[in-house]
Amino acid sequence: MSELKLPIYLDYQATTPIDPRVLDKMMPFLTNEFGNPHSVEHNFGWKAEAAIDVARAQIANVIGSISEEVIFTSGATESNNIAIKGAAFAKFPNKNHVITAKTEHECVLASTRSLEKLGFTVTYLNVDHDGLIDLDELKNSITEKTSLVSIMAVNNEIGVLQNIKTIGEICKSTDILFHTDAAQAFGKIPLNVNDMNIDLMSISGHKIYGPKGIGALFVRNGVKVIPIMDGGGQENGLRSGTLSPALCVGLGEASKIALNDMTSDLKNVSKLSKSLLDILRHKLNNVRLNGSETDRYFGNLNLTFIGVKSDLFIADLKNIAVSSGSACSSAKHKPSYVLNELGLSKRDISSSIRIGIGRMTTEEEIDFAAKYIIKCVHNRQPK
Ligand SMILES: Cc1ncc(COP(=O)(O)O)c(C=O)c1O
């Protein structure tokens, strides 16, 4: 049995380590192959451009789109901003209504709040105790002024998977654009932009064992998006600025690996996470899984340990790296708005932690984590 390296990383929703296979592909573009991909007069530029073309196709392949429909960005935050604001602006002023959900990532909610300041109206859909939106509420919220629906695929805090296919059907039948923030879903679960009627999809590199600072946005051919940044007009005019070949190649390779390994990754992650949940449920009587038990990506376990305060608890858990919610909101020490929308009390929210399991997680690590969490919960529980 190999020796365990502590602390154990269990925060795969915040970020993931770069897969060594990805780094290998990136290295030449950080050293000898330094050309500007937008230089059209010489071989340095052509080589960089060719590598980016391959990466674009690798990303498109994961979601059943074509290369021309994929633009590179700095990450899902930027993709969400471009998609939501850009698509809403393109239909304005004829249409000025956008629909999203209350449990979206902060960067989606911040984008829609910006739209509100500019005169748009936004409907924020509720979620039920499982974290799922009500599809009838979605249908009833649509008006002739609605231009865009933005609903995430997998939630970053609780792992819940919305019914993307049905949402896509509703949007298609009402001629409304459908954007999905797939930062936590792309490369982890099967997604097909055509089967699911998705018009815009946001993707992040560092959630799929690729580098940080790179993402992508799928924009269906024919969908009009107004650029929110001016410049040289790269990326179909939607995202000006010189691309980083190393980062693009990294995201491309990470996408290719994610697609090839999706079935085995998903099987492994689900097995480990179910086993952790089973052990905790068996040994502790105060543990509760937040969000739907069935409609979820199992690499994310958001658990409430009733009666245990999570900030003290997380401090206790120094041998395992977990979080109290999203990386952004945990940095602000604000109670999770996502758990609040699920109807958890303030006390239960503060007793909740997110455990993220990923490609590199081993059985030994899960064994250790289970025993360790049980010990810490016992220490923190009133005797
Ligand atoms: C659902 C979701 N959307 C958007 C983002 C932002 O992604 P990025 O770090 O690539 O900007 C994240 C990352 O935390 C996320 O989990």
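We count ligands from 1, going down the list as the structure has it; atoms in each ligand are counted the same way. For clarity, every value in this text was computed on a predicted model and none was experimentally measured.
- Ligand 1 has no nitrogen or oxygen under 3.5 angstrom from a nitrogen or oxygen of Q13.
- Residue contact check: Q184 has heavy atoms under 4.0 Å from atoms 1 (C), 15 (C), 16 (O) of ligand 1.
- For ligand 1 and H206, the ligand atoms under 4.0 Å from any heavy atom of the residue are 8 (P), 9 (O), 10 (O).
- Taking every non-hydrogen atom of A76 and a distance limit under 4.0 Å, the qualifying atoms of ligand 1 come out as 4 (C), 5 (C), 6 (C), 7 (O), 8 (P), 10 (O), 11 (O).
- Contact between E78 and ligand 1 is absent, with no heavy atom of the residue lying under 4.0 Å from the ligand.
- Ring-centre distance between F44 and F34: below the 6.0 Å cut-off.
- In this structure the side chain of K318 never reaches within 4.5 angstrom of the side chain of P7, judged on heavy atoms.
- Here's the thing with N156: none of its N/O atoms is less than 3.5 angstrom from an N/O atom of ligand 1.
- Within ligand 1, counting atoms from 1 as listed, the ones closer than 4.0 Å to a heavy atom of S204 are 8 (P), 10 (O).
- Near M152, meaning under 4.0 Å from one of its heavy atoms, ligand 1 places the atoms 1 (C).
- Counting heavy atoms under 4.0 Å from ligand 1, residue T77 touches it through both backbone and side chain.
- Heavy-atom proximity to A183, at under 4.0 Å, picks out these atoms of ligand 1: 1 (C), 2 (C), 3 (N), 4 (C), 15 (C).
- With hydrogens and angles left out, the side-chain atoms of N80 and H179 include a donor and acceptor closer than 3.5 Å.
- Contact detail for T16 and Y209: the closest heavy-atom pair is OG1-N, 2.7 Å.
- Side chains of T304 and S351: no donor on one and acceptor on the other come within 3.5 Å.
- Side-chain contact, N302 with R296: no donor N or O sits under 3.5 Å from an acceptor N or O.
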Practice problem: Give the C-alpha distance, both sets of side-chain angles, the deciding distance and a yes or no for side-chain contact (heavy atoms from CB on, under 4.5 Å) between K188 and Y297. | Solution: CA-CA 8 Å; K188 294 184 180 153; Y297 168 66; 3.7 Å; yes
